[in-house]
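This chain uses plain numbering: 1 for the first residue, then up along the sequence. Indexing begins at 1, ligand by ligand and atom by atom, following the structure's order. Excluded from the calculations below are hydrogen atoms, water molecules and symmetry mates; all remaining heavy atoms, backbone and side chain alike, are included.
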Amino acid sequence: MAIRPAVAPPEATVETACPLDCPDACTLNVTVRGGRITVIDGSTVNPVTGGYICSKVRHFDRRIYGEDRLQFPAVRVGAKGEGRFRRVSWNDALDTIATTFAGIRATHGGEAILPLSYGGSNGLLTQDTTDAAFFRRLGSARLDRTVCAAPTGAANMGLYGKMPSVVYADYEHAKVILVWGANPSASGIHLMPYLKQARANGATLVVIDPRATTVARQADIHLAIRPGTDVVVALALHRHLFESGAADQAFLEAHTTGWEQLRVRASAWTFERAAEVSGLRVSDLERVARLYATASPALIKCGWGLERNRNGGNAAAAVLALPAVGGKFGVRGGGYSMSNSASWGITPSWREDAEPPTRVVNMNRVGRELLEPAGTPVRGLFVYNCNPAVTLPDQQRVLAGLAREDLFTVVFDQVLTDTAVYADVVLPATTFLEHYDFARAYGSLSMHMTRPVIEPVAESRPNTDVFAELLARMDLGRGTDATGELEQMLQVMAALPGNMPAEIGDLGHATPPWHGRPVQFVDVFPRTPDGRVALFPEHLDREAPQGLYAYIDDPGTPDYPLALISPASERTISSTLGELERPVVRLEMHPDDAAARGLEDGDDVTVTNALGTLDCPVKVTALVRPGTVAFPKGVWRRHTGNRLTSNALVPDTLTDLGGGACFNDARVQVARASSRRR
Ligand SMILES: Nc1nc2c(c(=O)[nH]1)N[C@H]1C(S)=C(S)[C@@H](COP(=O)(O)OP(=O)(O)OC[C@H]3O[C@@H](n4cnc5c(=O)[nH]c(N)nc54)[C@H](O)[C@@H]3O)O[C@H]1N2
Ligand SMILES: Nc1nc2c(c(=O)[nH]1)N[C@H]1C(S)=C(S)[C@@H](COP(=O)(O)OP(=O)(O)OC[C@H]3O[C@@H](n4cnc5c(=O)[nH]c(N)nc54)[C@H](O)[C@@H]3O)O[C@H]1N2
Ligand code: SF4
Ligand SMILES: [Mo]
């Protein structure tokens, strides 16, 4: 297999791709002058990119060369969290880590070490390769990576075995599109032209979101739903399908199991009852139900906004069940569209090591694990590809845990994050413009090679190299191991299906399975054990605290009546790029809620609940529904008045299915800030 060279001549325009945690996987042209990046732009290699990219990545050089960039390994000299470090050599840093981890393991067992990682750059090479081998062989505790997509993933797996789903290019065939709990106007911008084209072809666009996002404002119907109530709206649609005779009985008999139980659970949800719970109008629910029942092709785009609450798994299951009950499969543009990250069927041959039978820590409860351990206490923490100080629930517990003097913490990152200031040892990582990776789209189906366009900045190094060195230093290496980035890269490539390894090596991109445009129930089918859609998986019914398709009531109280949600913003990818300057971050609040509290646009407010507080100015806007307030996800501590973010108010309770995070279940009160603060 060939590999496209890591082009690093001083003057060039290099083709590469963006692997960041975004559904779009853009292809890029990056111009380098004098060995420095001068322009980052979109290319047309990936038709979905179509030559344009988001402003985050257009300005990614600000991160690469910015003042927060980590340049050298360093060890802590000040108190925990103070962020004072002394530069050391890679050799000394890795020796310290190897020696300390060996000591912890000898005294307390491998389980006293916890790897803490999530998406990072989200490529195929920088996660779950050499790092996985290292932690498995070390016998560390295992991390349940539940901070995102756990409830939707559990539902998609349970009902369909994660069947590949409709890609962007096929949206234009749909006659009705329900964008449900997704905000592509910020979080996957390359879907927007396809939605526009679909509307130009006569499709009706429905958006279900508590906020009037850009895409919601372009929609024919916007249902400004109360957060956490999607399951009852979906069940009301099911009830309508069954009661009106629009359910596709032939499809249900031939291709599903469990539809009778779903019908029973939906039967109580009249439009009236669903409207009362969801805060929507009966007439709007009826209209959407009729539209969906009668149109074909009908497409549901299921996002992640609906999963981040106590009912998130049941909401996703009820929404994903709609095309089966409505008989919407089998036509181009019909069915459902959600994460395609598991659609490739890549067999990870490089992950040869079995998982050790060590204890599993749910990452949404890391704060509690560090402070009130349920098992072997964590004494060594290795954070990489993640910024838990600002991205995990119950922020104050996470911060208190990171501040533990007896906790040995390694943070391996590109910049001095809010987490890295708590480290005992900091390691500098390369960015996707300095190392190899694979960018896998999860909105559409495409795979592109990401390659270095400049030399690593200062002493930064890629994950693969650093974990390979740690394996060697702790005598965990094996003769068959890939020793460095390029070898590891070849192993990952070899696992790609079909002709992709050869193509991607030569061209940088490859023809995906089904030419990237599978039609559900024509090209692809459920990957459940019996090949049918499981509309009532027993294991999900057992897992959900009140059973499958149940609705759990709003957690609001008279003291804390407002729902605080924290969706993706244009500024950052989760907290990545959050270090950069930004306009003051404000809490969005409806004019009625502001008036009831005597607040005016721009006032400084304190957002409180029993867990914490957040100080920031308020933005009074009718774009958010009454009773709901919004503050973006991924904000760094430096960008709020009291150095805490919305996650200080987020409980570490788990979703009904999949053990996911309940970011949008924070219930709060908002009041004018007292003058003592600033
Ligand atoms: N620019 C940018 N792009 C990103 C990211 C980013 O941070 N910034 N993050 C990436 C990642 S990691 C992910 S997971 C995806 C997330 O992408 P999305 O699926 O768009 O997820 P969110 O932004 O969390 O929420 C989407 C919408 O759901 C709404 N919402 C909140 N609660 C509810 C609810 O209970 N019901 C319904 N129906 N809607 C609700 C929010 O108002 C929001 O507009 O985006 C990826 N792309
Ligand atoms: N309030 C609230 N919080 C949320 C959410 C929400 O909706 N509301 N959404 C959640 C979601 S959807 C997600 S996915 C999580 C994401 O949460 P995290 O996993 O913490 O993601 P990021 O904040 O992007 O942090 C990733 C870090 O990895 C680093 N990194 C990138 N590439 C590499 C690499 O190659 N090597 C190394 N060593 N480091 C690298 C980046 O610099 C960055 O600091 O946040 C969650 N947090
Ligand atoms: S973050 Fe998304 S939209 Fe921006 S360049 Fe990367 S893939 Fe494209
Ligand atoms: Mo995510």
Salt-bridged, Lys56 to Glu570, with N to O below 4.0 Å? no
At less than 4.0 angstrom from any non-hydrogen atom of Ser646, what atoms of ligand 2 do you find? 1 (N)
For Val650, is at least one N or O under 3.5 Å away from an N or O on ligand 2? no
Side chain, backbone, both or neither: Asn647 near ligand 2, heavy atoms under 4.0 Å: side chain
Is it true that Val147 lies under 4.0 Å from ligand 2, counting heavy atoms only? yes
Quick one: does NZ or CZ of Arg87 land under 6.0 Å from the six-membered ring centre of Phe72, within 45 degrees of the ring axis? yes
Is there a polar contact between ligand 2 and Ser566, counting only N or O atoms under 3.5 Å apart? yes
Between the side chains of Thr613 and Asn642, is a donor N or O closer than 3.5 angstrom to an acceptor N or O? yes
Quick check against the 3.5 Å criterion: does Ser460 have a side-chain atom that pairs as donor or acceptor with the backbone of Pro456? no
So is there a nitrogen or oxygen of Thr417 less than 3.5 Å from a nitrogen or oxygen in ligand 2? no
Residue and atom name of the nearest protein heavy atom (relative to atom 11 (C) of ligand 2), distance in Å to one decimal: Lys633 NZ, 3.7 Å
Run the side chain to side chain contact (heavy atoms under 4.5 Å, CB included) test on Val57 and Ile40 for me, step by step, so that the C-alpha distance in whole Å, both residues' side-chain angles and the decisive distance to 0.1 Å come before the verdict. CA-CA 7 Å; Val57 168; Ile40 305 173; 4.0 Å; yes
Got a donor-acceptor contact below 3.5 angstrom from the Arg440 side chain to the Ser341 backbone? yes
If you count the atoms of ligand 2 from 1 in the order shown, which ones are under 4.0 Å from a heavy atom of Ile573? 24 (O)
What part of Phe663, side chain, backbone, both or neither, has a heavy atom within less than 4.0 angstrom of ligand 2? side chain
Identify the protein heavy atom lying closest to atom 23 (O) of ligand 2, giving its residue, its atom name and the separation to 0.1 Å. Ser575 OG, 2.5 Å
With no hydrogens and no angle check, is any side-chain donor or acceptor of Arg76 less than 3.5 Å from a backbone partner on Asp424? no
Enumerate the atoms of ligand 2 whose separation from the nearest heavy atom of Cys148 is less than 4.0 angstrom. 11 (C), 12 (S), 13 (C), 14 (S)
min-distance protein heavy atom vs atom 36 (N) of ligand 2 -> Asn463 OD1, 2.7 Å
closest protein heavy atom to atom 19 (O) of ligand 2 is Tyr118 CB, 3.0 Å
Using a 3.5 Å cut-off on N or O atoms only, is Cys386 in polar contact with ligand 2? yes
Which of the listed options, Ser121, Cys662, Pro632, holds the heavy atom that is closest to atom 31 (C) of ligand 2? Ser121
Which heavy atom of the protein is the closest neighbour of atom 16 (C) of ligand 2, given with residue, atom name and distance? Ser574 OG, 3.4 Å
Within the 4.0 Å heavy-atom cut-off, what Thr391 brings close to ligand 2 is both
Which value, rounded to the nearest 0.5 Å, describes the distance between Asp144 atom CG and Asn364 atom CG? 8.5 Å
A side-chain contact here means heavy atoms from C-beta on lying under 4.5 Å apart; do Ile64 and Val457 qualify? yes
Keeping Thr640 on the side-chain end and Leu644 on the backbone end, is there a donor-acceptor pair under 3.5 Å? yes
Closest approach of Gly578 to His639 (non-hydrogen atoms, all atoms of both residues): O-NE2, 3.3 Å
So is Gly634 close enough to ligand 2, meaning a heavy atom under 4.0 angstrom away? no
Protein heavy atom at shortest distance from atom 35 (O) of ligand 2: His435 CE1, 3.4 Å
Quick look: Arg145 vs ligand 2, heavy-atom contacts under 4.0 Å, and the answer is neither
Atoms in ligand 2 flagged as close to Phe412, the criterion being non-hydrogen separation under 4.0 Å: 37 (C), 38 (N), 39 (N)
Per-atom contacts, ligand 2 versus Gly119 - under 4.0 Å to a heavy atom: 19 (O)
With heavy atoms under 4.0 Å as the rule, classify the contact between Thr576 and ligand 2 as side chain, backbone, both or neither. both
Within the 2.8 Å cut-off the protein N, O or S neighbours of atom 2 (Fe) of ligand 3 are Cys22 SG
Just by distance, no angles: are the side chains of Tyr52 and Asp41 close enough, under 3.5 Å, to form a donor-acceptor pair? no
Less than 3.5 Å apart, any donor N or O on the side chain of Arg308 or Ser566 sitting next to an acceptor on the other? no
Indicate whether any N or O donor in one side chain lies under 3.5 Å from an N or O acceptor in the other, for Asp21 and Tyr118. no
Which is it for Leu427 and ligand 2 at heavy atoms under 4.0 Å: side chain, backbone, both or neither? neither
Which residue owns the protein heavy atom closest to atom 41 (C) of ligand 2, what's the atom, and how far is it? Asp413 OD1, 3.4 Å
What is the distance from atom CG of Leu657 to atom OG1 of Thr152, rounded to the nearest 0.5 Å? 10.5 Å
Numbered in order shown, the ligand 2 atoms found under 4.0 Å of a heavy atom of Thr126 are 35 (O)
Atom 34 (C) of ligand 2: closest protein heavy atom, distance to 0.1 Å, is Asn385 OD1, 3.4 Å
Under a 4.0 Å heavy-atom limit, does Ala429 contact ligand 2 with its side chain, its backbone, both, or neither? side chain
So if I apply the side chain to side chain donor-acceptor pair (under 3.5 Å) rule between Gln488 and each of Thr130, Thr126, Asp465, which one comes out positive? Thr130
Minimal non-hydrogen separation, Leu114 against Arg142, with atom names: CD1-O, 4.4 Å
Looking at the rings of Phe467 and Phe135, which for Trp means the six-membered one, are their centres under 6.0 Å apart? yes
Residues passing the salt bridge (charged side-chain N to carboxylate O under 4.0 Å, His left out) test with Asp68, sequence neighbours excluded, are Arg638
